[in-house]
Q: 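Just passing along the structure, written as structure tokens.
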Amino acid sequence: MENKVDILMVDDRPENLLTLEAVLSSPDYRLIGLRSGEDALRYTMREDMQNVAVILLDVQMPGMSGFETAKLIKDREKTKDIPIIFITAINKSAEHVLQGYQAGSIDYMFKPFHPEVLKLKVDAFVQMHRFHQNQYDYLERLVRERTRELIIASEERVAWEKEMAKLARLNLIGEMAAGIAHEIRNPMTTIRGFLQMSKKNQSMAVEYIDIMLEELNRANGIITEFLSLAKNKTTHFEEAHLNEIIASMQPLIQAEAMLSDKHFHVNYGEIGSLQLDEKEIRQLILNMAINGLEAMAPGGAFTISTYMEGNAVVLKLEDQGSGIKEEYVEKLGTPFFTTKENGTGLGLAVCYSIAARHRATIDVKSSSKGTAFTIRFQPAG
Ligand code: ADP
Ligand code: MG
């Protein structure tokens, strides 16, 4: 029987500590909860650290942040080899800061995390800890590889992690909203004042007015789209039929298509009704239709189909456009990701958040011949 190993969990919120405790609880582990970076450092100085297999560190804490705490832990001889798993809601800054550390003894989990994945990671570090210090480097690599294999082995888990990463991105949106509104409203105020002035003295060239109006509309569009991403937005679900929603939008999309010399088709399948927020679904279809039309050269066709797949109602939107580069597919749905000169990069973010609220999944297939977005709605159960 092997001795228990120590696992330090550092988080300022007691409820998070409780969650970690519930996830990791095991007769093999002694779980030590600490409420701040300062407490963690104090602990590492006073206690025997030989038995600590891994430290879980919340990144966002008042006082000393997770990253600062980690730096001080890694700076000390006694604790420099103890692996750290950062738990963070923020993707970018974590990646940025992590570059500074030696790979191998650092890992991270993005909130919201899948408990099984965290367990797997911790387990891997615990096994690693149990081997002799001399074999540390070799085994570290081995365990990492095994963990990766385990994760890859289960397709479902990979899909789940991707889903989680997307959810984490959606959380970010709320945090970014305040900053964005500020960014956009300032120029809007200026432009509006300018326009009002020029109306009085009439000396401004018409083309400048047009440009300013365009900017104004664009800024306004960003705000509107952005607010529709806001987190705790209330959605009004009512029994509705996808086919009817599409039919009501058909003239609009048809007109858009004709303007740029493209075709538009609909294949209405025999599908059941769903609990939907009709306004949101219209928005989703419109955003995807505009993207599809924009991606195609004149002559191309954009097709919307509905059909059943088992119990699920499927909405498929296909274009014959230029496709999406493989390295960009992962980024779809991230706010502000755009490859267009005048894009907002918010259309798909809106679609993903609408789908999430409807518990629908979005699947993307893309090649140089075109792109298909498949949205699967689960029937109300
Ligand atoms: P925007 O249209 O303002 O760029 P979106 O969020 O609607 O923002 O789309 C983000 C990016 O995803 C686009 O810039 C484009 O690169 C890519 N994209 C989305 N839909 C398609 C599509 N149907 N075909 C090709 N690329 C697409
Ligand atoms: Mg778009």
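Order of listing sets the numbers, starting from 1, for every ligand and every atom in it. Numbers for residues simply follow the sequence, beginning at 1.
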Q: Would you mind listing which atoms of ligand 1 come within a distance below 4.0 Å of any non-hydrogen atom of T339?
A: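 So the answer, numbered in order with elements, is 13 (C), 14 (O), 15 (C), 16 (O).
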Q: Counting heavy atoms only, which of F302, Y352, F337, F373 is nearest atom 11 (C) of ligand 1?
A: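 The option holding the nearest heavy atom is F337.
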Q: Look at the side chain of K369 and the backbone N and O of D319, then say whether any donor-acceptor pair between them is shorter than 3.5 Å.
A: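 No, because the side chain of K369 does not come within donor-acceptor range (under 3.5 Å) of the backbone of D319.
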Q: Would you check whether D319 reaches within less than 4.0 Å of ligand 1, judged by its heavy atoms?
A: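 The answer is yes, since D319 has a heavy atom less than 4.0 Å from ligand 1.
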Q: For atom 2 (O) of ligand 1, which of Q320, K340, M296 has the closest heavy atom?
A: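 Nearest heavy atom to atom 2 (O) of ligand 1 lies in K340.
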Q: If the test is side-chain contact (heavy atoms from CB on, under 4.5 Å), which one of I55, L20, N16 qualifies with M9?
A: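 Considering I55, L20, N16, a side-chain contact (heavy atoms from CB on, under 4.5 Å) with M9 is found only for L20.
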Q: Under the ring pair (Phe, Tyr, Trp, His ring centres under 6.0 Å) test, which residues partner Y307, sequence neighbours left out?
A: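 By the ring pair (Phe, Tyr, Trp, His ring centres under 6.0 Å) rule, Y307 matches no residue at all.
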Q: Over 60° means perpendicular and under 30° means parallel, so tell me whether H358 and F377 are parallel, tilted or perpendicular.
A: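 The rings of H358 and F377 stand perpendicular, inter-plane angle above 60°.
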Q: Does K71 pair with E68 as a salt bridge, N-O distance under 4.0 Å?
A: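 E68 and K71: not salt-bridged.
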Q: Give me the protein N, O or S atoms that fall under 2.8 Å of the Mg ion (ligand 2), sorted by chain and residue number.
A: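 Less than 2.8 Å away from the Mg ion (ligand 2) sit N291 OD1.
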Q: Heavy atom to atom 19 (C) of ligand 1, shortest distance: which of L348, L346, T338 holds it?
A: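 The residue whose heavy atom sits nearest atom 19 (C) of ligand 1 is L348.
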Q: Is G345 close enough to touch ligand 1? Criterion: a residue heavy atom under 4.0 Å from a ligand atom.
A: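 So G345 counts as touching ligand 1.
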Q: Quick check on side-chain contact (heavy atoms from CB on, under 4.5 Å): which of T306, V314, L315 does I271 satisfy it with?
A: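 Going through T306, V314, L315 one by one, the side-chain contact (heavy atoms from CB on, under 4.5 Å) with I271 is satisfied by T306 alone.
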Q: T371 heavy atoms, cut-off 4.0 Å: which ligand 1 atoms fall inside?
A: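 Taking each heavy atom of T371 in turn, ligand 1 has 24 (N) under 4.0 Å.
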Q: With a cut-off of 4.0 Å, which atoms of ligand 1 are near a heavy atom of G347?
A: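 Listed by number with element, the hits are 5 (P), 6 (O), 7 (O).
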